[in-house]
Amino acid sequence: MAWIILFIAGLFETGWAIGLKYTDGFTRLWPSVWTVTAMIVSIVLLGLALKSLPVGTAYAVWTGIGAVGTVILGIVLFGEPATAARLSCIALIVAGIVGLKFVT
């Protein structure tokens with residue numbers, strides 16, 4: 001169950017990272033509210049997952065999910081480049097996340 005909670009926390013991390021783009025420097029009310037809410041939910045869920053997962057592994061997986069999700073959504077939503085080098089780096093992060101899951 002901790003891994004599922006951690007995965008959801010990572011998705012919320014992606015949500016707040018992307019949400020920052022829509023807040024326009026926290027000058028737009030509703031995008032700012034949703035972004036701050038996603039930040040809080042992400043941290044709370046990470047804290048819950050840490051009850052039974054090692055902190056180093058959980059934090060690395062949490063940030064990895066957030067990083068991969070943010071890059072993918074940046075490509076899809078904002079037209080950021082999807083070069084072979086960027087996609088290869090994403091694959092390396094995913095491999096690291098999967099590796100940490102299997103050794104924990």
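The structure presented is a predicted model; accordingly, all values stated were derived computationally and were not measured.
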**Student:** Among V98, L6, L46, which one satisfies side chain to side chain contact (heavy atoms under 4.5 Å, CB included) with V61?
**Tutor:** L6
**Student:** Does I18 reach the side chain of F78, with side-chain heavy atoms less than 4.5 Å apart?
**Tutor:** yes
**Student:** Identify the two heavy atoms, one from L20 and one from M39, that lie closest to each other, and give their separation to 0.1 Å.
**Tutor:** CD2-CE, 4.0 Å
**Student:** Find out whether R86 and V71 are in side-chain contact, i.e. whether some heavy atom of one side chain is under 4.5 Å from a heavy atom of the other.
**Tutor:** yes
**Student:** State, with a plain yes or no, whether a side-chain heavy atom of S32 is found less than 4.5 Å away from one of Y22.
**Tutor:** no
**Student:** Shared ILVMFWY cluster between I65 and V44, side chains joined below 4.5 angstrom?
**Tutor:** no
**Student:** Are L87 and I90 side-chain neighbours, meaning at least one heavy-atom pair lies under 4.5 Å?
**Tutor:**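 A side-chain contact exists here, since the closest heavy-atom pair is under 4.5 Å.
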**Student:** Got a donor-acceptor contact below 3.5 angstrom from the T27 side chain to the D24 backbone?
**Tutor:** yes
**Student:** Considering only heavy atoms from C-beta outward, does the side chain of L48 approach that of L45 to under 4.5 Å?
**Tutor:** yes
**Student:** Would you say K21 and T35 make side-chain contact, with heavy atoms under 4.5 Å?
**Tutor:**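 A side-chain contact under 4.5 Å is absent here.
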**Student:** For the residue pair G15 and A38, what are the closest heavy atoms and their distance?
**Tutor:**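 Smallest heavy-atom distance, with atoms named: C-CB, 4.5 Å.
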**Student:** Check whether T14 reaches the backbone of G10 with its side chain - one donor and one acceptor, N or O, closer than 3.5 Å.
**Tutor:**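 Checked: pair present.
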**Student:** Is W16 close to V36 at the side-chain level, that is, under 4.5 Å between some pair of heavy atoms?
**Tutor:** no
**Student:** Does a side chain donor of either T104 or W3 reach within less than 3.5 Å of an acceptor in the other side chain?
**Tutor:** no
**Student:** Could you pull out the closest heavy-atom pair between A49 and A2, with the gap in Å?
**Tutor:**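 For A49 versus A2, the nearest heavy atoms are CB-O, 3.7 Å.
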**Student:** Testing the basics here: between L100 and A60, what is the closest heavy-atom pair and its distance to 0.1 Å?
**Tutor:**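 Closest pair (atom of L100, atom of A60, distance): CD1-CB, 3.7 Å.
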**Student:** State yes or no: do F12 and I72 share one hydrophobic cluster built from I, L, V, M, F, W and Y residues joined by side-chain heavy-atom distances below 4.5 Å, directly or via other members?
**Tutor:** no
**Student:** Can you confirm whether more than 12 heavy atoms, excluding those of F102, are under 6.0 Å from its CZ atom?
**Tutor:** no
**Student:** Are I8 and I97 connected in the hydrophobic side-chain network, where two residues link if heavy atoms are under 4.5 Å apart?
**Tutor:** no
**Student:** Would I43 end up clustered with L53 when hydrophobic side chains under 4.5 Å apart are linked, directly or stepwise?
**Tutor:** yes
**Student:** Check for a donor-acceptor pair, side chain of T37 on one end and backbone N or O of V33 on the other, with a separation under 3.5 Å.
**Tutor:**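 Answer holds: yes.
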**Student:** Is S42 reaching over with its side chain to a backbone N or O of A9, donor-acceptor style, under 3.5 angstrom?
**Tutor:**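 It does hold such a pair.
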**Student:** Spell out, yes or no, whether L11 and I75 are grouped together once hydrophobic residues are joined by side-chain heavy atoms under 4.5 Å, including indirect joins.
**Tutor:** yes
